[in-house]
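Computed from a predicted structure; not experimentally measured.
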Amino acid sequence: MARTTTRNGSSAAGSRATAQPQSADASRDFDDSDGSLTELSSEGEDSDQQESESDEDMNEDDDDNDGDFGSSRKKKAPRRSSGAASKARSANTTPRPRKTAGASRNGAKKTPRSTSKKSGPSRPRAGTAAATPSAARSRTAASRDELPINEDNDIFNAVKDPNSALQSNAEDWVVAFSDHQGRALAELVNFVIRACGCNGSVDENQVIDIDNVVDNLEELQEVFKKQPIPSYPIVSRSKTFKSFRKSLNEFLHRLIMSAYEAEVLTSDGFMEPYQAWVSAMSSSSLRSFRHTATIVALWTISALNEVNAQATKDLSTATKQRDAEKKKARTDKSRLKDLETKVLESRKLKKQLDEYINEFINSVFVHRFRDFDAGIRSECVEALGSWMKKYPTQYLQSSYFRYIGWVLSDVDANVRMAAVQAMTGLYTRDNFVSSIRTFTELFKGRLVQMATGDVELGVRIATINVLVMIDKHDLLEDEQRDLLATHIFDVEPRIRNAVASFLANILDEMVSEGASELGSLSAASKKKGKQAEEQQHEQAKLRFKCLAELLVKYGQRLDAQDVAATTSNVSDELAVVIDGAKEGRVGMAVEALWDAVDDLQHWKPLIDLLLLDHSGKDAAGRNKSAAAAENAAPAVYRLDTDEEAILVEALVAILRKTYAGAELNEDPEDTTKEDVTRAMIAALPKLLAKYRTDAPRIADLLLLPHVMDLEMYTELQETTAFEALWDDVSTQIQRHVEPLVLKHGVQTLQKLVATTSQSSINKTKLSALEEGLVSSLRETVSDRDVETAGFSEDEVHLLAANMLRLHLVSQVTNTSDALEDDENGQATSGWEIVLGIAGRGRLAYHEEESLVRDAIAVLTLHVMWKTRQVILPEAGSQTALAEALLGKRNTLLSLLEEFVASTHSQACVGVQRVAFEKLATIHMLFAAIPQQAPATGDDSSVPDADVSQLRSGPQLPALLTLNCEADVQQSCATFVQAEIERYIEKSGVLEKESKSAAGDESDEEENDGAEDDDNEDEDEEDDAEATPKASRVRGGKSKKSKKSSSKSAAQNATEERPNEAQLQAEHTFCSIISTFVSAIRVGIIDAKYSTVVLTHFGRLGAIYDSCCKALIEVLKEEAIFGGYNRAVIVESVIWDSLREAFEHYLDTGDSTVEARFISLSRQLANALVVRGAGFTALRKIDARCLISLHSRASEHIAQKVAAAERNGVKKVKAQMPALYKGMANLLLTANPTDAVKIKSAMDRAYRAAQVQIPPTSKAWDAHRSYEKRLLKIASKSELFSNALTPKRRRGKEMDSGGELSEDDDGLPARGERVLPTPTRTSQKRPAEEEEEEEEEEDVSIRAPPSEEAEEMDVEMPPSDASLEDEEETAPVASVKRRKV
């Protein structure tokens, strides 16, 4: 029988350690790979159960991780019944750290918990502690503060102390071992046991009894299972054990080295018992034992490796000395004999060391590298990697490489990372490559797979770095290189940066291959007198040629993946347009390659390369001029069309990055910006002329003026070049119809106009461009009636192109003069033409939809520019301008209102959307501009300061005041509602909801089948706070359900990944919603129309929900600061939103829809109160509105339930009480008086509808919870708590129920709402009306006797007994009336 000791003494532990069966599912699927605190109370699981379950899990997840804990050495623990399991679970909780009753009776002496606290509470004996209310709190505190580990071991105390001299302790132990082996070994083994967090001990007889190590260890574990502690030293977060792990490694190293130097390392009584105990503990079912022993074994192997290396060196030296002695002519036989003896001893020592190392590896490492715990697997892999780097002769062997290869497929990312990091240093040394070539050939496919598709970003980056080193030794195949290099276009920047060095190696190889042909070209260049700088210039051109070839190759590979619709994440690359800068594939590649390829920073060779003629001899013809032949590109770096396109985009990205770097450079002597501008002044016109017919290239080139200092045109006196640039940009705008070209061209126009030194040229050129655009429209129309004329397909295309150009130009400059110019009445003005085109929206031609949309946008911009002219102070006489603007604005608004309302014709949906947005924009514009004060004859009533404040800044003339009529607001709300329904139908929301509803039905069936299992785990879940469990069934889900749910989740994630069309549709829809919300916030649309949007909260995405939250803030302002009339409107909005959202739940029956309804109610509750610091309620909505809101809900439920009972619709009857789940969230602002009135109205509603509430029906749980909450709120008032307390009078039990008379809730008897009545604040009501109003709000309450008053915290009975019945059966107590 192994002797065990605890804080309370071995006798106490032995008397209390009863044979209780272990928990069958206490610590299944235990995983603490992140090094967090581990709950050891969960480690006392059934050995057989844990072994079978861990093996089952490993077979499902990963064949390499079989969860082998060395279970062959463990004894089988008897299984137990579920009742015993519950009892053990309840007893196996962490007690409060105080002295137990048993310890007090036995007089056990307290043991100090740490060096800083010499006295403290003793630890309870095994199996005697019961759970206390503060058990979880005590455990948490202990996990971060101190661990209750005995300090009866000198080695443990020394390692625990960061200031101790570990070398002296190691030497002292060696001396002690020489004096008494058993005692010293017992101290060492007990030290390891303390490091495991166990307070048990073994004596010297047990230590040297190797045959019974497993039995003795089992007894230690049995006691340890009953004394759970929050953590163990090597993973503890306690400050005391902060350096324990490092000190433990150092001590083991010094111990082995000291034993080697003292020649006791290979003695018979040291290593064999030590290995037996450490190996046995490494196979323990308890993680603390297993993890700590594995660490000790691995660090012992590391120390033995160092000793073995020294022994190998000594053996080599002795062998050389012996061989040298033999070669001497006159051999000293005595010396030779001594050397022979030394060689034999060295060989024997090395053999013994090899045996020790192999024994540790075979008994610990081989089993633990596939441990169930990912943290232990990581420790093994990291140790093996360090051994390979330090001792390559011994460990760079196939027998060890296979372990690295196997864990490359580990399910845990940390283990895979450890394996990759173990390989990092192996390929940096050339002498290692030959040893690991076979391993590389076997596992390089897996490495490429990890680099391109691992779910953990850090693992991908580390694997790419390893593959870069492997590729330097030519060990990768061409297909693997291409697959990896394609990720230069990856959406993750860190992946692109990691692949950049890999691509740079491939680029260097290609440049080296073309260097021979470039060498002949360089020789010809020398004859012409070119210098070395020119040769470098030529080599840079070749590098850009090779780069373009690679990017084209990998881009086509990526396009092939897109066509094949693969699931690779690189195929989901999207070009993002931000401020006109097209960050596409090439831009991302240049950003990643910027530091890896030095020639990218040299942009001049790239410009020269693009300016060359790459057409070739065949295209040039036989009669090629000398100038053309001089400009022809040599074949070595001649570009094809795709490569030219790549390099044009690369030029823009390179110059943008160069210019951005120059702006950040504070060196005054840096001339990078000037150099770029000078080069582009000369090169940009040539490039625009060369690619004038290539729209994508023109779109890229039009971005180059943004990386130029245009003021230098004036400094360099290049006015003619500036005019030429204007002409080139204007020509490109008028020539091309591609949206991207026009967008970049207009942005360049804005950049040109901002050049103040060339303002006269800007004005002239801009006017010419505007007149040209309007003239193009006038020529196409040809004096026809634009609104009714029939246009051919070509004319529609031409009109649409010119309208798009005019729209984009109007965004950056004022085109009002060009649009209003009618050539002195000789021609139709541009305004009339555009207005007529916009009017064609009534015809609902789908082919003209874009034309009409752009025309509406141009008209809106024209009104905005004219408004700006009116409100500017320098506008002069505003009357004429305001009158002209008023006429145009009214005309445009009438047209937009017609489109939105679709009164006379059904316009296209796209036209309706633009019309709605522009209509709301115009109204918001005029609502935001301060209006001029009306002119009055008497100015004495307005202070001078106020007058100056009113007239400062831009002001809108009173003539232009604009109000949104009620019918227009209704039309806008109707359109938004139709738009929401249209988006729901097209976006597949209904299909997803139907699938979700079907999934809920299947989940309900599974839950019914698993109900018994859930009941078995109730006790464990109840005690989860006291004793956390690492259980595989946490959350009530089995392994099979988890596996199926994860699979379905992955499938849904793949299906729900949006494509470009879906993203565009979502953007358009959110634009409509945000415009509508903005109009409500500004005040042009009444807040009562918010119901249209709020009803679908939580249904249409995060952006939509953010708009709903903004609306709720508007409702809060209206309800609390807008007066009673506005509060009534807000109350209607809240109720209508909740009712419609709940109706949707009734239609679908989906639990997800119910959750959205509850979430909406939580959000709407924020509109009822303004909170301050500490969530204190500063202001609340009017109590009458709150009562009315809840009364309407109760009436609605009662009427629906009654109708369902009459019609026999059981489903509706069972679902309707769920409305109280949302209404309960709206009771946050209710006071006791409100609660009583709401309760009275609820009871009256059920009586009126004759609805009987079943007292035990689960469907009415929400109602009972809501009612109980009302009564709890009411009980906060002493008056109401007394009235609502059940009492017994005259020997009969009576229950007041908290009910009031029918008129005591402040509402009319029939429950109608109190509509808002406009009242003037200046008018004072008669005192008689005020008294009548107060009397109507009086509440009749039955007051029980004072001696029976107590705190009310009971649930009211669901019966609908009225007060009239109570009055007939019991005397009525005295009634006290109180004004509320």
Side-chain angles (χ1 to χ4, degrees), residues 153-156 158-159 164-196 207-208 234 244-282 292-315 345-365 368 379-380 382-384 386-387 389-391 393-395:
N153 189 278
D154 294 337
I155 301 178
F156 179 78
V159 174
S164 62
L166 297 179
Q167 180 63 37
S168 300
N169 289 275
E171 294 175 353
D172 293 342
W173 184 90
V174 172
V175 174
F177 178 81
S178 301
D179 296 339
H180 197 293
Q181 293 186 0
R183 191 179 303 164
L185 276 175
E187 184 182 14
L188 182 61
V189 172
N190 287 327
F191 158 65
V192 179
I193 294 174
R194 292 292 179 273
C196 297
V207 168
I208 62 178
I234 63 172
F244 185 86
R245 185 183 177 95
K246 180 180 178 182
S247 299
L248 177 60
N249 186 9
E250 181 182 354
F251 173 76
L252 292 175
H253 175 267
R254 293 182 181 275
L255 178 65
I256 298 299
M257 295 303 297
S258 299
Y260 170 70
E261 294 173 357
E263 298 181 356
V264 299
L265 181 61
T266 56
S267 61
D268 296 336
F270 175 33
M271 191 56 66
E272 186 177 1
Y274 175 73
Q275 281 185 329
W277 277 96
V278 172
S279 300
M281 285 190 284
S282 68
T292 304
T294 302
I295 291 292
V296 170
L298 295 176
W299 288 343
T300 302
I301 294 174
S302 300
L304 290 174
N305 286 332
E306 185 173 351
V307 173
N308 195 17
Q310 183 64 35
T312 303
K313 183 178 180 181
D314 294 342
L315 176 59
E345 292 177 353
S346 298
R347 286 178 178 174
K348 181 180 179 181
L349 173 62
K350 190 177 185 309
K351 181 180 179 181
Q352 288 181 326
L353 292 175
D354 290 338
E355 291 177 355
Y356 293 156
I357 294 173
N358 292 333
E359 177 63 25
F360 270 120
I361 289 177
N362 294 330
S363 62
V364 179
F365 177 84
R368 299 284 67 77
E379 300 278 5
C380 295
E382 290 174 2
L384 180 58
S386 65
W387 300 339
K389 297 171 186 177
K390 293 181 180 179
Y391 314 106
T393 305
Q394 183 177 358
Y395 290 99

Under 4.5 Å between any side-chain heavy atoms of N308 and Y260, yes or no? no
What's the shortest heavy-atom distance between V207 and A186, and which atoms? CG2-CA, 3.5 Å
Are L349 and D314 close enough, and set up right, to give a side-chain contact (heavy atoms from CB on, under 4.5 Å), and what steps lead you there? CA-CA 10 Å; L349 173 62; D314 294 342; over 6 Å; no
Evaluate the side-chain proximity of Q394 to T312: yes if any heavy-atom separation is below 4.5 Å, no if none is. no
Begin with the C-alpha distance, continue with both residues' side-chain angles, and end with the deciding distance and a verdict on side-chain contact (heavy atoms from CB on, under 4.5 Å) for Q181 and F270. CA-CA 8 Å; Q181 293 186 0; F270 175 33; over 6 Å; no
Grab the two heavy atoms, one from V364 and one from S282, that are nearest each other, plus how far apart they are. CG2-OG, 3.6 Å
All salt bridge (Lys or Arg N to Asp or Glu O under 4.0 Å) counterparts of E250, not counting sequence neighbours: R254
If the condition is salt bridge (Lys or Arg N to Asp or Glu O under 4.0 Å), which residues does D354 pass it with, not counting sequence neighbours? K350
Please find the pair of heavy atoms, one from L185 and one from G269, that lie closest to each other, and give the distance. CD1-O, 2.6 Å
For S302 and W387 the tightest heavy-atom approach is OG-NE1, 2.8 Å
If you define the side chain from C-beta out and look only at heavy atoms, does anything of M281 sit under 4.5 Å from T292? no
Which pair of non-hydrogen atoms, one from V159 and one from S164, has the smallest distance, and what is that distance? N-OG, 4.4 Å
Taking atom CD of E263 as the centre, does the number of heavy atoms from other residues, nucleotides or ligands within less than 6.0 Å exceed 12? no
Going by the rule side-chain hydrogen bond (donor to acceptor under 3.5 Å, both in side chains), which residues pair with N305 if we only count those two or more places apart in sequence or in a different chain? Y395
The side-chain contact (heavy atoms from CB on, under 4.5 Å) partners of E187 (sequence neighbours excluded) come to N153, D154, I155, W173
Taken in chain and number order and not counting sequence neighbours, the residues that satisfy side-chain contact (heavy atoms from CB on, under 4.5 Å) with K389 are L426
Can you confirm if the aromatic rings of F244 and F156 lie within a centre distance of less than 6.0 Å? yes
Have E171 and Q167 got a donor and an acceptor in their side chains that come within less than 3.5 Å? yes
Are the side chains of L384 and F365 in contact, using a 4.5 Å heavy-atom criterion? yes
Quick check: do M257 and V307 have side-chain heavy atoms less than 4.5 Å from each other? yes
Note, W299 side chain near H253 side chain (heavy atom, < 4.5 Å): no
Please tell me if the side chains of L265 and L353 come closer than 4.5 Å, counting only heavy atoms from C-beta onward. yes
Minimum side-chain heavy-atom gap N190-W277 below 4.5 Å: no
Under 3.5 Å donor-acceptor, N249 side chain and R245 backbone: no
Taking side-chain hydrogen bond (donor to acceptor under 3.5 Å, both in side chains) as the definition, give me every residue that meets it alongside T300, ordered by chain and number, with sequence neighbours left out. Y274
